[in-house]
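Each ligand, and each atom within it, is numbered from 1 in the order the structure gives.
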Amino acid sequence: MIPVTKPFLPPIAGYNKYLEGIWKRQWLTNMGPLASDLEMRLKNHLSVNHLLFVTNGTVALQMAIKALDLKGEIITTPFSFVATTSSIVWEGCKPIFVDINKDSLNIDPNKIEEAITENTSAILATHVYGNPCDVSAIEKIAKKHNLKVIYDGAHAFGVQVSGKSIFDYGDLSICSLHATKLYHSIEGGLIITKDATLLKKIAYMRNFGFDGPEAFAELGLNGKNSEFHAAMGLVNLDFIQEIHDNRKKIVERYDEKLKNYKGIKQLWHINGTQNYAYYPIVVESEELLHKCIDTLTLNEIFVRRYFYPSLSKVLPYLESVEMPITEDIAKRVMCLPLFHDLTLEEVDLICRLLLRIQNN
Ligand SMILES: *Cc1c(COP(=O)(O)O)cnc(C)c1O
């Protein structure tokens with residue numbers, strides 16, 4: 001059986017060592033030493049100045065919207081995970097969908113301006129599969145119309161654009177450290193911003209708004225994460241280079257074997273580095289996609305229709321709107337198996353089956 005993804009688990013000895021420390025200190029959560037250590041090491045690893053380790057990527061998005069005090073309409077992409085849109089609604093704002101570019105699969109900056117109204121307060125865009133958005137075009141539009149920019153970088157751990165961390169763009173970025181992501185702390189999320197004042201505000205928010213034991217600085221919630229999650233993050237960080245190298249080899253093998261495959265491959269940002277988080281392909285038709293899924297499933301190989309369906313059509317709490325490019329891509333896209341210890345022989349088998357189905 002080949003699953004579409006598999007969480008990375010480090011050798012258990014490394015994790016046990018951290019557990020012994022936790023037992024000794026008896027400090028389980030609430031910004032403990034491991035959580036602080038993880039924040040420091042991640043700042044270093046990602047080359048960013050300010051970062052907070054929080055409960056998960058979704059709470060990170062919610063705190064981001066709250067901290068920037070966003071109101072009214074937020075322009076966003078329908079081609080993302082549901083949390084991108086649901087966080088906007090959860091914070092009492094209205095998501096306004098803008099269709100994607102068919103090559104980058106990210107929000108199309110050329111369509112953003114026509115969606116801006118006097119009620120627009122921000123743009124919330126996803127770096128889809130880790131591919132950086134057109135950050136300079138989005139920045140230009142945001143400046144011109146005085147809008148805030150949040151990036152959902154849940155897929156984009158470790159990616160750089162023009163030599164800078166992708167998380168340094170926009171007013172604020174979030175990342176998810178969920179077990180299914182490239183780098184994980186079982187559950188977890190990050191908030192990254194260049195703005196120290198904003199970060200301080202979110203640090204209060206993360207801890208119920210407490211400013212000392214008896215005073216409050218902000219409206220807050222419980223956005224903290226535990227020492228056990230931080231420990232997994234710390235151990236996994238020691239393996240990040242190895243994970244990266246393995247995934248790179250796998251992706252290059254897919255590229256080589258599928259070079260004659262008729263389908264669309266995502267067009268990567270010209271100045272962006274890759275993190276090999278996903279291997280999406282867009283096949284010629286939905287019919288062909290079903291054939292692929294059926295045949296692969298018979299061979300116990302599992303792919304995922306990710307993202308499907310388009311968020312502009314499926315959410316019961318939103319009116320459905322036409323987003324032709326997203327709907328077309330969502331019907332034809334699948335992510336192929338990709339995880340640290342997928343073998344090249346398994347990749348070859350998957351590619352052989354895909355080519356055979358296409359040529360039949
Ligand atoms: C995973 C994911 C999230 C949510 O992150 P969690 O840590 O699972 O809450 C948000 N946006 C995107 C694009 C994601 O893939």
Side-chain angles (χ1 to χ4, degrees), residues 4-8 35 38 42 51-66 74-91 93 95 97-98 100 104-107 122-133 135 149-159 166-167 169-170 172-192 202 206 221-226 228-230 232-233 236 266 275-280 304-312 314-315 326 329-330 333-335 338-339:
V4 63
T5 187
K6 207 157 92 177
F8 176 79
L38 180 64
L42 284 173
L51 160 157
L52 290 171
F53 177 50
V54 300
T55 321
N56 55 53
T58 306
V59 163
L61 277 170
Q62 288 168 210
M63 288 197 285
I65 294 167
K66 185 76 91 190
I74 299 179
I75 288 173
T76 192
T77 171
F79 193 65
S80 186
F81 183 62
V82 62
T84 316
T85 301
S86 63
S87 311
I88 295 173
V89 178
W90 197 268
E91 291 306 322
C93 298
F97 290 122
V98 163
I100 57 171
S104 72
L105 309 184
N106 287 326
I107 194 166
I123 300 166
L124 169 43
T126 301
H127 303 301
V128 174
Y129 309 127
N131 185 24
C133 289
V135 284
V149 178
I150 299 176
Y151 284 113
D152 181 339
H155 298 173
F157 187 88
V159 171
I166 185 68
F167 298 141
Y169 293 86
L172 204 154
S173 296
I174 71 99
C175 186
S176 165
L177 307 187
H178 183 258
T180 55
K181 305 302 206 257
L182 177 69
Y183 163 74
H184 77 90
S185 62
I186 312 172
E187 290 274 0
L190 299 175
I191 291 188
I192 310 100
I202 301 171
R206 166 177 77 166
L221 47 61
N222 185 355
K224 297 178 272 99
N225 211 330
S226 83
F228 296 78
H229 294 87
M232 184 62 89
N236 284 347
Q266 187 181 28
N275 66 354
Y276 311 105
Y278 299 90
Y279 199 90
R304 182 166 175 207
R305 299 188 78 179
Y306 189 66
F307 306 109
Y308 173 83
S310 166
L311 295 174
S312 54
V314 73
L315 300 176
T326 299
I329 297 284
V333 70
M334 62 181 159
C335 286
L338 177 55
F339 45 89

Trainee: Output yes when a side-chain donor or acceptor of N131 lies under 3.5 Å from a complementary backbone atom of N106, and no otherwise.
Mentor: no

Trainee: If the test is side chain to side chain donor-acceptor pair (under 3.5 Å), which one of T76, T84, T77 qualifies with S80?
Mentor: T84

Trainee: Might you list the protein residues in contact with ligand 1, defined as having a heavy atom under 4.0 Å from one of its atoms, sorted by chain and number?
Mentor: N56, G57, T58, S80, F81, A83, T84, T126, D152, A154, H155, S176, H178, K181, G188, Y306

Trainee: Would you sort out whether V135 and H127 count as a side-chain contact (heavy atoms from CB on, under 4.5 Å), showing the intermediate values?
Mentor: CA-CA 10 Å; V135 284; H127 303 301; 4.2 Å; yes

Trainee: State, with a plain yes or no, whether a side-chain heavy atom of Y151 is found less than 4.5 Å away from one of I192.
Mentor: no

Trainee: Between the main-chain N or O of N225 and the side-chain N or O of R206, is there a donor-acceptor pair closer than 3.5 Å?
Mentor: no

Trainee: Would H178 and E187 count as a side-chain contact (heavy atoms from CB on, under 4.5 Å) here? Give the steps.
Mentor: CA-CA 5 Å; H178 183 258; E187 290 274 0; 3.6 Å; yes

